[in-house]
Amino acid sequence: MKQRKFNLLYLLLMAVFVLSSCSKSSQKSAKFIPDNAVVISIDVKQMLEKGKIADNAEAKKKLLESIEQGAKNQETKDLFKKIVDDPTKGGVDLSEPLFLFATADSKDMGIVGSILDKGDFTEVLNTVGKEAGSVAVKEKDGFQYWESDGTVIVFDDATFFASESKKLDDAIAKFKNDDTKGTMAESDDFGKLADNKGFIKALIPMAIAEGQIGDAKSMLPEGAELKDLSIILDLSTSKGEAKLAFECIAKSDAWKKYIKESSEISGKIDGDYLKFLPKGAIMMYANFNGKKLFEMLDKKGLFKKAGMEGQVDIAKKIIETIDGDFALGVGEIKGSMPQVAAYLKTKDQAITDLVKEQGLKPGDQGVDFGYKDGATYIAVGTDAFKEASAKFDKSVVSGRRFYMFCDVELIAGLAGMINGQAAEGAKSASEVIKTAELYDTSDTEGELILKFKDADKDPIEFFIDMALKNM
């Protein structure tokens, strides 16, 4: 346990104090990573710069205090103080990304990083090992290694590989083997991951879910296999904002065909109902082609699976009347209910007629609904088709197929009406985050944008400050 704690302390120290030149190629690390693994790439240098760590005297002070309190050997204390004075003495080059990876069965998992100075890295491992009462660095087949309590670290002049899933000989074999077949060195997706600019990035080959989806596999598009689909996530920040970009990468004709068909179901937003939606807690906007949607659901056999064989004609009538924009707005809470309004462009009033057939009438229990000007609508606590005084600019939905906006503080109020625990989490988030937006940027890409209350500070600075307060 002590050994693991001190390894974490070492990595934290290096993350705080190593500042050096721009990132180099990630390809030398790629051969250590199997092509069916989930990969997380961490750009520590970017985190340091955005978090303004180099100028954070409080961070240095607290870390030095942690070293003084946590280390029992004077040799350890002296080494880490030396690293604080001269970051290059740590031996790890964090100007290059760190890669964390794991396969679905956890039989191949580890961390790959770059060596700045092998001698300094050796000294750190030996010192940490002595602190924890474990062995020193040894050599085998021309490679240095450190092994303790199921953890093995192998390194040469350029790279280190750390793992709890690999035996020593298997870890050394990764260095010796120049055959990149079956590794991320052969993956175009990994190359795309490396090209992205965020400080934390992830590559998720969906083959990792192969043994976990069970009966849901029958829901996959015809001819499509999970091994031909990947997702890339890219987290970046700027003052007052964090952005998570995501991309779905299809590598087979079956998946590409499915994406094309899906894009035909969800058309580009017109935005005609936007003026009726107030800037409240939640706004959601999309566009649907009901005819295409029914065809896809019917082709998938979903009505049969849902036990609706005798209701297919009714479902067809209801779904195929949908003919464009869907808009939902949840505004302020007035009394015990929030203001809610929703609009759906339809060809006729089939949906309204079906609701009335169930015995409901407009105005019952304060709920207004009906069909007007080519739209099926519902309104609670507000008037339908009333232009909002504080409304969204049409540019937020222009050219998109989907858009969602959340005011986190107002959502915290809504959560309090539903669940106390949810309200507590939402309230904590609302103290830091102002708004959230989710939208598509292409048929296969999208973004989640979080805007923070402190518009002058990078979110990384905030989280570092919060971590220091908890130290």
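Remark: the Asp348 side chain and the Thr321 side chain contain an N/O donor-acceptor pair separated by less than 3.5 Å. Looking at Asp393 and Ser395, their side chains do bring a donor and an acceptor atom within 3.5 Å of each other. The closest side-chain donor-acceptor pair between Ser187 and Asp35, if any, does not fall under 3.5 angstrom.
Atom CG of Asp188 is surrounded by 12 or fewer heavy atoms from other residues, nucleotides or ligands within 6.0 Å. In this structure, Lys292 places its NZ atom where only 12 or fewer heavy-atom neighbours from other residues, nucleotides or ligands lie under 6.0 Å away. Residue Glu222 places its CD atom among 12 or fewer non-hydrogen atoms of other residues, nucleotides or ligands, all under 6.0 Å distant. Shown here is Lys300, whose NZ atom has more than 12 heavy atoms of other residues, nucleotides or ligands within 6.0 Å. Other residues, nucleotides and ligands contribute at most 12 non-hydrogen atoms within 6.0 Å of the NZ atom of Lys299. Counting non-hydrogen atoms of other residues, nucleotides and ligands closer than 6.0 Å to CD of Glu409 gives a total of 12 or fewer. Atom NZ of Lys434 has 12 or fewer neighbouring heavy atoms from other residues, nucleotides or ligands inside a 6.0 Å radius. Under a cut-off of 6.0 angstrom, the local environment of NZ in Lys166 is crowded, with over 12 non-hydrogen atoms contributed by other residues, nucleotides or ligands.
Geometrically, Lys50 does not engage Phe199 in a cation-pi contact defined by less than 6.0 Å to the ring centre and at most 45° from the axis.
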Should Asp108 and Thr103 be marked as a side-chain hydrogen bond (donor to acceptor under 3.5 Å, both in side chains) after you check the CA-CA gap, both sets of side-chain angles, and the distance that decides it?
CA-CA 6 Å; Asp108 203 345; Thr103 55; over 6 Å; no
Phe32 and Phe160: CA distance, side-chain angles, deciding distance, ring pair (Phe, Tyr, Trp, His ring centres under 6.0 Å) verdict:
CA-CA 10 Å; Phe32 292 88; Phe160 75 86; 9.7 Å; no
Evaluation steps, side-chain contact (heavy atoms from CB on, under 4.5 Å), between Asp156 and Phe161
CA-CA 9 Å; Asp156 59 12; Phe161 171 70; over 6 Å; no
Kindly indicate, with the supporting measurements, whether the criterion salt bridge (Lys or Arg N to Asp or Glu O under 4.0 Å) is fulfilled by Lys394 and Asp270.
CA-CA 9 Å; Lys394 204 168 183 178; Asp270 293 322; over 6 Å; no
Please report the C-alpha distance between Glu437 and Tyr403 in whole Å, then the side-chain angles of each, then the deciding distance to 0.1 Å, and finally whether the side-chain contact (heavy atoms from CB on, under 4.5 Å) criterion is met.
CA-CA 7 Å; Glu437 296 172 275; Tyr403 178 85; 2.5 Å; yes
List the steps, then state whether ring pair (Phe, Tyr, Trp, His ring centres under 6.0 Å) holds for Phe190 with Phe101.
CA-CA 12 Å; Phe190 185 82; Phe101 68 89; over 10 Å; no
Assess whether side-chain contact (heavy atoms from CB on, under 4.5 Å) is satisfied between Ile460 and Gln46, documenting all intermediate values.
CA-CA 10 Å; Ile460 294 177; Gln46 188 178 160; over 6 Å; no
Check step by step if side-chain contact (heavy atoms from CB on, under 4.5 Å) holds for Asn287 and Asp325.
CA-CA 4 Å; Asn287 182 287; Asp325 282 4; 2.8 Å; yes
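Nearest heavy-atom pair across Thr382 and Val340 is CG2-O, 3.8 Å. Scanning both residues, Ala342 and Leu328, for their nearest heavy atoms gives CB-CD1, 3.9 Å. The two residues Pro278 and Phe392 have their closest heavy-atom pair at O-CE1, 3.5 Å. Residues Leu229 and Cys248 share a closest heavy-atom pair of CD1-SG, 3.4 Å. Between Val154 and Ala171 the shortest heavy-atom distance is CG2-CB, 3.7 Å. Scanning both residues, Met109 and Ser163, for their nearest heavy atoms gives O-OG, 2.6 Å.
With values rounded to the nearest 0.5 angstrom, Ile378 atom CD1 is found 11.0 Å from Ile351 atom CD1. We find the CZ-CD1 distance between Phe121 and Ile115 to be 4.5 Å, quoted to the nearest 0.5 Å. We find the CG-CD1 distance between Leu297 and Ile265 to be 7.0 Å, quoted to the nearest 0.5 Å. To the nearest 0.5 angstrom, Asp234 atom CG is 12.0 Å from Lys192 atom NZ. Note: Leu233 CG to Ser41 OG = 12.0 Å, rounded to the nearest 0.5 Å. Distance check: Phe99 CZ to Leu193 CG gives 6.5 Å after rounding to the nearest 0.5 Å.
Counting heavy atoms from C-beta outward, Phe462 and Asp454 have side chains that stay 4.5 Å or more apart. Within the 4.5 Å cutoff, the side chain of Arg401 has heavy atoms near those of the Ser263 side chain. Contact check for Met206 versus Ile231: side-chain heavy atoms found under the 4.5 Å cut-off. A 4.5 Å side-chain heavy-atom check between Tyr439 and Ile449 finds at least one atom pair inside the cut-off. Contact annotation: the side chain of Leu203 approaches that of Ile232 to within less than 4.5 Å [non-hydrogen atoms, C-beta and beyond]. Contact of the Ile249 side chain with the Trp255 side chain is not registered, since no non-hydrogen atoms from C-beta on lie closer than 4.5 Å.
Taking the six-membered ring where tryptophan is involved, the planes of Phe288 and Phe326 are tilted, since the angle between them lies from 30° to 60°. Aromatic ring pairs are classed by plane angle as parallel below 30°, tilted from 30° to 60° and perpendicular above 60°; the pair Phe452 and Phe463 is perpendicular.
Here the side chain of Asp440 pairs a donor or acceptor atom with the backbone of Phe402 at under 3.5 angstrom. With Lys31 contributing its side chain and Phe175 its backbone, the two residues share a donor-acceptor pair below 3.5 Å. Side-chain atoms of Ser442 come within 3.5 Å of backbone atoms of Glu445 as a donor-acceptor pair (strictly under, hydrogens ignored).
Using a 4.0 Å cut-off between a side-chain N of Lys or Arg and a carboxylate O of Asp or Glu, Asp353 and Lys317 do not qualify as a salt bridge. Using a 4.0 Å cut-off between charged nitrogen and carboxylate oxygen, Asp443 and Lys260 do not count as a salt-bridge pair.
Screening Tyr377, Phe385, Tyr343 against Tyr273 for a ring-ring contact (aromatic ring centres under 6.0 Å, His included) leaves a single residue, Tyr343.
Judged as a side chain to side chain donor-acceptor pair (under 3.5 Å), not a single pair has a partner in residues 194-205 (not counting sequence neighbours).
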